[in-house]
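Data block below; observations after.
Since the model is a prediction, treat every value here as computed from it, not as a measurement. Numbers here simply count residues along the sequence, with the first being 1.
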Amino acid sequence: MGNTPLELNLADAESLVNAGMAHFHANRYDEAAAAFERALALNPDLPVLHKYYAQLECDAGRAVDAMRRLLQRARRAVDPEHFAGLVHACRYAGLLNASVAAHEEARRLDPGIPTSVINTYLMLGDYERILRIEDNDPDSRVMALYRLGRPDEALASWRRPPPDAPATYKAWDEMLVACFTGGPGAREAAERAVGEMSWSDPEGYASGGIMLCNVGSHELALQAFEKAVDGGYTVVEPLLHDPWLAPLREDPRFTQILQRAQAGRDKGLAVFRAQGGEAALG
């Protein structure tokens with residue numbers, strides 16, 4: 001007996017989702033978007049598609065749109081993939097507590113489902129919590145150790161890239177090691193690395209800006225935060241509270257960046273409430 005049209009559509013849609021993610025990870029965003037759109041046409045109710053499509057939307061500056069769509073989907077069909085997508089979209093929209101709540105709901109529905117909540121904890125400065133997570137991301141654990149004042153442990157745990165790693169990854173590695181080790185030459189090493197990097201997402205700019213500020217590269221840090229916020233990453237907490245960013249807080253340009261982030265976060269919060277986000281996430 002052959003497959004039904006519905007089964008064929010599901011299989012084809014899943015193949016397109018996999019292709020879309022491969023394009024996405026290779027920074028071929030137009031091809032990724034085309035694959036996701038074709039998958040949507042075949043099977044608009046595939047939860048994993050909505051989760052991965054949200055990542056593309058967030059990187060394209062449309063986190064609020066992704067959050068709205070996922071909340072609407074979650075009202076129609078409760079699925080852990082919808083909430084895993086909301087972890088990502090809510091964080092980009094600046095709603096960190098909602099991002100954590102979405103992770104908890106996703107794990108309630110499926111205890112093994114992966115989410116990006118580690119990045120939410122990093123933005124909240126909740127480093128102890130990262131260390132308590134059994135299945136945490138090794139790189140995030142390294143950063144948590146460093147932020148908790150344990151640089152030797154952090155550096156010993158850091159996995160250096162293999163010789164054949166992409167140039168961008170090697171540059172990121174160089175900047176992290178410069179941040180971990182400090183001392184003379186750290187700023188120059190970080191700035192050289194930034195010149196070789198090609199960040200493709202707003203969250204990368206925000207994370208990089210924090211590290212740049214730590215090594216004293218304040219001008220490049222400001223540029224990174226500007227690109228992050230103007231790219232739709234409206235996370236306010238580190239801008240307000242991260243001690244590494246203290247040198248920037250008297251700069252009027254930083255104040256303007258913060259104000260734009262707050263305005264974006266407030267827009268996201270209004271959409272979140274209008275779509276019943278508080279009820280959906282408890």
Give a yes-or-no answer on whether the side chains of Thr120 and Arg91 include a donor-acceptor pair shorter than 3.5 Å.
yes
For the residue pair Tyr233 / Asp201, report whether a side-chain donor-acceptor contact shorter than 3.5 Å exists.
no
Assess whether a salt bridge exists between [X] and [Y], defined as any Lys/Arg side-chain N lying under 4.0 Å from an Asp/Glu carboxylate O.
X: Arg187; Y: Glu191; value: yes
X: Glu105; Y: Arg108; value: yes
X: Glu57; Y: Arg68; value: no

Axial cation check for Trp158 ring with Arg141, 6.0 Å and 45° limits:
no
Would you mind reporting whether [Y] and [X] have side-chain heavy atoms less than 4.5 Å apart?
X: Pro202; Y: Lys227; value: no
X: Leu16; Y: Phe36; value: no
X: Val236; Y: Leu258; value: yes
X: Asp59; Y: Tyr92; value: yes

Nearest-0.5 Å distance, [atom1] of residue [X] to [atom2] of residue [Y]:
X: Ser207; Y: Asn119; atom1: OG; atom2: CG; value: 6.5 Å
X: Leu222; Y: Arg253; atom1: CG; atom2: CZ; value: 5.0 Å
X: Gln275; Y: Met67; atom1: CD; atom2: CE; value: 8.5 Å
X: Thr234; Y: Ile257; atom1: OG1; atom2: CD1; value: 13.5 Å
X: Ser217; Y: Arg192; atom1: OG; atom2: CZ; value: 12.5 Å
X: Trp244; Y: Leu212; atom1: CH2; atom2: CG; value: 11.0 Å

Test side-chain hydrogen bond (donor to acceptor under 3.5 Å, both in side chains), reference His50, set Arg69, Glu81, Gln72, output is Arg69
Let me check something: do [X] and [Y] share a hydrophobic cluster, defined by ILVMFWY side-chain heavy atoms less than 4.5 Å apart, either directly or through other members?
X: Phe180; Y: Ile210; result: yes
X: Val117; Y: Phe272; result: no
X: Leu269; Y: Leu124; result: no
X: Leu155; Y: Leu131; result: yes
X: Leu240; Y: Val229; result: yes

Please evaluate residues Leu86 and Lys51 with respect to the criterion side-chain contact (heavy atoms from CB on, under 4.5 Å), reporting the C-alpha separation (whole Å), side-chain torsions for both, the decisive distance (0.1 Å), and the verdict.
CA-CA 8 Å; Leu86 281 167; Lys51 177 181 72 173; over 6 Å; no
Under the side-chain contact (heavy atoms from CB on, under 4.5 Å) test, which residues partner Arg159, sequence neighbours left out?
Pro138, Asp139
Residues two or more places apart in sequence or in another chain: which of them pass side-chain contact (heavy atoms from CB on, under 4.5 Å) with Arg249?
Asp242, Leu245, Ala246, Phe254
Atom OH of Tyr52 with >12 non-hydrogen neighbours under 6.0 angstrom:
no
How far apart are the C-alpha atoms of Tyr146 and Glu153, what are their side-chain angles, what is the distance that settles it, and do they pass the side chain to side chain donor-acceptor pair (under 3.5 Å) test?
CA-CA 8 Å; Tyr146 184 73; Glu153 289 180 72; over 6 Å; no
Which of Leu70, Thr115, Val78, Leu71 passes side-chain contact (heavy atoms from CB on, under 4.5 Å) with Phe83? Answer is Val78
Do side-chain atoms of Ser99 reach the backbone of Cys90 as a donor and acceptor pair under 3.5 angstrom?
no
Residue pair [X] / [Y]: nearest heavy atoms and the distance that separates them:
X: Ser140; Y: Leu122; answer: OG-CD1, 3.9 Å
X: Ala106; Y: Ala84; answer: CB-N, 3.9 Å
X: Ser157; Y: Leu145; answer: OG-CD1, 4.1 Å
X: Ala190; Y: Ala178; answer: N-CB, 4.2 Å
X: Gly268; Y: Val64; answer: CA-CG2, 3.9 Å

Do Asp45 and Arg73 pass the side-chain contact (heavy atoms from CB on, under 4.5 Å) test, and can you show the C-alpha distance, the side-chain angles, and the key distance before you say yes or no?
CA-CA 8 Å; Asp45 296 322; Arg73 302 299 309 181; 2.5 Å; yes
Chi angles and distances behind the side-chain contact (heavy atoms from CB on, under 4.5 Å) call for Asp79, Leu109
CA-CA 7 Å; Asp79 190 283; Leu109 295 167; over 6 Å; no
What's the verdict on side-chain contact (heavy atoms from CB on, under 4.5 Å) for Phe225 and Leu248, showing C-alpha distance, side-chain angles and the deciding distance?
CA-CA 11 Å; Phe225 288 125; Leu248 300 183; 3.9 Å; yes
